[in-house]
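Structure record follows, encoded as structure tokens.
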Amino acid sequence: MICALGSAVCFGTASVLQAVAARATAPGTGSGVDPALLLRAVRQWRYVAGLALDGLGFLLQIVALRSLPIYTVGAALAASLAVTAVVAARLLRVRLSGTEWGAVGVVCAGLAMLGLASGAEGDETGSTGLRYAMLAVAVAVLLLGAAAGRLPDRGRALALGLGAGCGFGVVEVTVRLIDGVSPGALLTNPAAYALLLGGGAAFLLLTSALQRGSVTAATAGMVIGETIGPALVGVVWLGDRTREGLGWLAILGFAVAVAGALALARFGEAPEGVAAGEASGAER
């Protein structure tokens, strides 16, 4: 659980840095998926620092997923929005309302309930069909991003966020489906390819979402995509369970944590003034 919360801290802090960098990056084409946007964003140190935090968060996430049910780790990752809100309040001088501070407290309460109710990770290894299904979902995430370019601004942002969340969800599930790290085992395991494709597609779509349209809608879609689906896969196909008699508390904690995160969705977006200032500074 410490690793899951540490991962949320890394991802939440990285979101602030990446949101500022993405908003300061010159826009590209109108497509939902803009690979060149990543190349432009990595020229800014804040985006690179965010990537470094994402890397550390991913390592902590792997450790957590090897010990906890997916639903617990997913809710902890969604709670990174609470971290983003607090960091934005401290570093970017964003003012949090009383309701938003209350939402931060709600997220913490939900995670506390999950921590009390969570059992050990499931002992199911997952079928070959599930591994190929995850690869198919990762491909679908890319196709969704390409199609999102034809949608109106708000619909496009929501689609990009949902696609990014599904991509991150693929990563959560496939970490459990990789049971060997030798080159031979990785090359023959469809889950390894799904992890790389899903994670890469998620970063691409999320960067595009941070740069275009309503990032609040995109972040809400991401939270939904990276929590509900993976949690169901963990319970139905991988054997994730709760402590005896505490299933109700786990369900309540999961719902409370995700609801609190959705209430903080606007913090996926950097303040316009900050982004504009960074952009003008980059031009000079």
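In this text, all values refer to a predicted model and were calculated from it rather than measured experimentally.
A distance-only check finds a donor-acceptor pair linking the side chain of R131 to the backbone of G126 [under 3.5 Å]. A donor-acceptor pair under 3.5 Å links the side-chain atoms of T174 to the main chain of V171, judged by distance alone. Listed for the S7 side chain is no donor-acceptor partner under 3.5 Å among the backbone atoms of C3. With hydrogens and angles ignored, the 3.5 Å screen pairs a side-chain donor or acceptor of R241 with a backbone N or O of V235. No donor-acceptor pair closer than 3.5 Å links the side chain of S80 to the backbone N or O of A8.
For the atom pair CZ (F11) and CG (L81), the distance works out to 12.5 Å, reported to the nearest 0.5 Å. Distance check, rounded to the nearest 0.5 Å: CG of L130 to CG of L238 gives 6.0 Å. The structure places CE of M222 at 12.0 Å from CG of L160, a figure rounded to the nearest 0.5 Å. The distance from atom CG of L249 to atom CZ of R243, rounded to the nearest 0.5 Å, is 10.0 Å. A distance of 8.0 Å separates OG1 of T72 from CG of D240, quoted to the nearest 0.5 Å.
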Quiz: residues 59-66 side-chain donor-acceptor pairs under 3.5 angstrom, not counting sequence neighbours:
residue: R66; atom: NH2; partner: V175; partner atom: O; Å: 3.2
residue: R66; atom: NH2; partner: I178; partner atom: O; Å: 2.5

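Placement of L116 and W248 within a single hydrophobic cluster is found when ILVMFWY residues are connected by side-chain heavy-atom separations under 4.5 Å, directly or transitively. Connection of L205 to L162 is not established within any shared hydrophobic cluster, with ILVMFWY side chains joined at heavy-atom distances below 4.5 Å, either directly or through further cluster members.
In this structure, the side chains of P230 and Y71 stay at 4.5 Å or more apart for every pair of heavy atoms. Residues L262 and T219 fail the side-chain proximity criterion, which asks for heavy atoms closer than 4.5 Å. By the 4.5 Å heavy-atom criterion applied to side chains, V258 and V107 are not counted as neighbours. At a threshold of 4.5 Å between non-hydrogen side-chain atoms, the residues V86 and W101 count as touching.
In I2, the CD1 atom is not crowded: 12 or fewer heavy atoms of neighbouring residues, nucleotides or ligands sit closer than 6.0 Å.
A salt bridge between R266 and E100 is present, with a side-chain N of the basic residue lying under 4.0 Å from a carboxylate O of the acidic one.
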